[in-house]
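The next block holds one structure in the form of structure tokens; read it before the comments.
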Protein chains: 2
Amino acid sequence: MISRTETPQLSLGALEDILGFHLATATVTTMDTFERHVGTPLNLRKVEYSLLLLLLANGPLAPKRLGRALALSAPNLTLLLDRLQQRDLIRRERSESDRRSHNIVLTDEGRQLAETGAQAADPMERELDSRLTRAERLMLIELLRKVAAR
Amino acid sequence: MISRTETPQLSLGALEDILGFHLATATVTTMDTFERHVGTPLNLRKVEYSLLLLLLANGPLAPKRLGRALALSAPNLTLLLDRLQQRDLIRRERSESDRRSHNIVLTDEGRQLAETGAQAADPMERELDSRLTRAERLMLIELLRKVAAR
DNA sequence: TATTGTTATACTCTATAACTATA
DNA sequence: TATAGTTATAGAGTATAACAATA
């Protein structure tokens, strides 16, 4: 059997044992499938997609909580919300209880897009079936949860 | 037992089953430990670190191969190599066999830094011991390899 | 005084097109 | 004609400091 490329495989050396390196490498794959299943067709970036799905699952949320869940700084979140608001996907409502705060609310259009996005998740994940069994996929997600900051 | 924060946990909804989301979340943890163990003390970004370790493990390599291994476009790789060269960590040597191509070679200083970086890998990974057992860590890396593009 | 969110700004990262020199 | 690498440039992504409004 001849290997696919003429050039020999690179040795990873110390990288071999570095979790972050393998996370980054695996992310190349998932970013590519995301782009094709969600990014391009729905014109959404990863964070935008995650944000819409969080609102769909939880109802209105304060920017503060969204920022923490998505690891976004306050200024960057503001800009992100600006973009989504300009597209009429969300709106900001002043909180009644604490008038410094807002509730970020999905518009009808935003909810529709979020639902479409949620439906795209399954076929997107199906693309991994050639690389991982169902059990492996579940195990992988479980292990990633343990690594994740709380 | 009272939960650490007053606010209830967010529901992930459809994100729950999306591998890319969990990869991104776990990456927050590894990026943080990388920053403290390597990024700040050695003044290296993730790609720079990976590139040096690849050279350390494989000897001189052509930019073409580095770009493929690190998922970098040619122009971005050029800029990256410029920075490393300015710091006297690498040098570019014209290839004898194909004078369009280069060999990227670690300087003595670059090799030293790469070795220091390689030694930092172990304590860095040790930080994950509170989150993952050794077996889980190995399993996780194995699963990430399967996800990774080839 | 502390907190929520915004504005302004700069810096890094990534992507694309056009170019050169070699093959 | 094709390939390796570079240059120029623009667009996303991320980080920091200063600020306004409210608690």
Side-chain angles (χ1 to χ4, degrees), chain A residues 5-7 20 24-25 27-28 30-32 34-36 38-40 43-51 60-87 90-105, chain B residues 5-7 20 23-25 27-28 30-32 34-36 39-40 43-51 60-87 90-105:
Chain A
T5 57
E6 305 261 348
T7 49
T25 312
T27 298
V28 173
T30 57
M31 280 189 358
D32 174 72
F34 173 84
E35 196 49 39
R36 282 180 288 102
V38 176
T40 301
N43 189 25
L44 286 174
R45 303 155 207 207
K46 283 181 300 170
V47 231
E48 294 172 336
Y49 180 64
S50 298
L51 192 150
L61 292 170
K64 196 79 196 189
R65 299 191 67 195
L66 286 168
R68 246 179 295 146
L70 300 171
L72 290 171
S73 66
N76 297 333
L77 181 54
T78 293
L79 297 175
L80 173 52
L81 292 173
D82 286 348
R83 281 204 307 272
L84 294 174
Q85 192 170 38
Q86 273 178 343
R87 287 174 67 183
I90 58 132
R91 62 174 187 278
R92 296 180 231 230
E93 291 181 354
R94 280 267 171 215
S95 163
E96 293 299 324
S97 50
D98 181 343
R99 299 195 52 77
R100 293 172 304 185
S101 181
H102 289 112
N103 287 320
I104 307 302
V105 186
Chain B
T5 56
E6 304 263 347
T7 47
L23 283 174
T25 311
T27 298
V28 173
T30 58
M31 281 189 357
D32 174 72
F34 173 86
E35 196 49 40
R36 282 181 287 104
T40 300
N43 189 24
L44 287 174
R45 302 156 208 205
K46 283 181 299 169
V47 232
E48 294 172 336
Y49 180 64
S50 298
L51 192 149
L61 292 170
K64 195 80 195 188
R65 297 191 68 194
L66 286 169
R68 246 179 295 147
L70 299 171
L72 289 171
S73 65
N76 297 333
L77 181 54
T78 293
L79 297 175
L80 173 51
L81 292 173
D82 287 349
R83 280 204 308 271
L84 294 175
Q85 192 169 38
Q86 273 179 342
R87 288 174 67 183
I90 58 135
R91 60 175 187 278
R92 297 180 229 229
E93 292 180 353
R94 279 268 171 215
S95 164
E96 293 298 325
S97 51
D98 181 344
R99 299 193 53 76
R100 292 171 303 183
S101 181
H102 289 112
N103 287 319
I104 307 301
V105 186

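Convention: sequence-line order gives letters A, B, ...; per-chain numbering from 1.
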Distance check needed: C:dC13 C1' versus B:Tyr49 OH, whole Å only.
21 Å

May I ask you to test the A:Thr78-A:Pro63 pair for a side-chain heavy-atom distance under 4.5 Å?
no

How far does CZ of A:Arg45 sit from CE of A:Met31, to the nearest 0.5 angstrom?
13.5 Å

Just how far, in rounded Å, is C1' of C:dT6 from CG of A:Leu77?
11 Å

Are side-chain heavy atoms of B:Leu51 and B:Leu77 found at a separation under 4.5 Å?
yes

Which residues, if any, of residues 91-101 of chain B bring a heavy atom under 4.0 Å of DNA chain C?
B:Asp98, B:Arg99, B:Arg100

Measure from the side-chain heavy atoms of B:Lys64 and tell me the nearest of C:dT4, C:dC13, D:dA4.
D:dA4

Which residue, A:Ala74 or B:Asn103, contacts DNA chain D at a nucleotide closer to its 5' end, judged by nearest heavy atom?
B:Asn103

Quick one: B:Asp82 CG to C:dT12 P, roughly how many Å, whole number?
15 Å

Distance, rounded to the nearest Å, where A:Lys46 contributes NZ and D:dT14 contributes C1'
13 Å

Spacing between A:Asn76 atom CG and C:dT12 atom C1', to the nearest angstrom
12 Å

Here the distance between atom P of C:dC11 and atom CG of B:Asn43, to the nearest Å, is 16 Å

On DNA chain C, check which nucleotide each of A:His102 and A:Leu79 is closest to and give me the residue with the more 5' one.
A:His102

With a 4.5 Å cut-off on side-chain heavy atoms, are B:Arg83 and B:Arg87 touching?
no

Would you tell me whether A:Asn76 and A:Ser73 have side-chain atoms, one donor and one acceptor, within less than 3.5 Å of each other?
yes

Kindly indicate whether the side chain of A:Leu81, heavy atoms from C-beta on, has any atom under 4.5 Å from the side chain of A:His102.
no

Length of the line joining B:Leu72:CG and D:dT6:C1', which is rounded to integer Å:
15 Å

Provide, to the nearest angstrom, the distance between the CG atom belonging to B:Leu80 and the P atom belonging to C:dT14.
10 Å

Pick the closest DNA chain C nucleotide for A:Met31 and for A:Ala62 by heavy atoms, then say which residue is nearer the 5' end.
A:Ala62

pair A:Arg36-A:Asp32: side-chain heavy atoms closer than 4.5 Å
yes

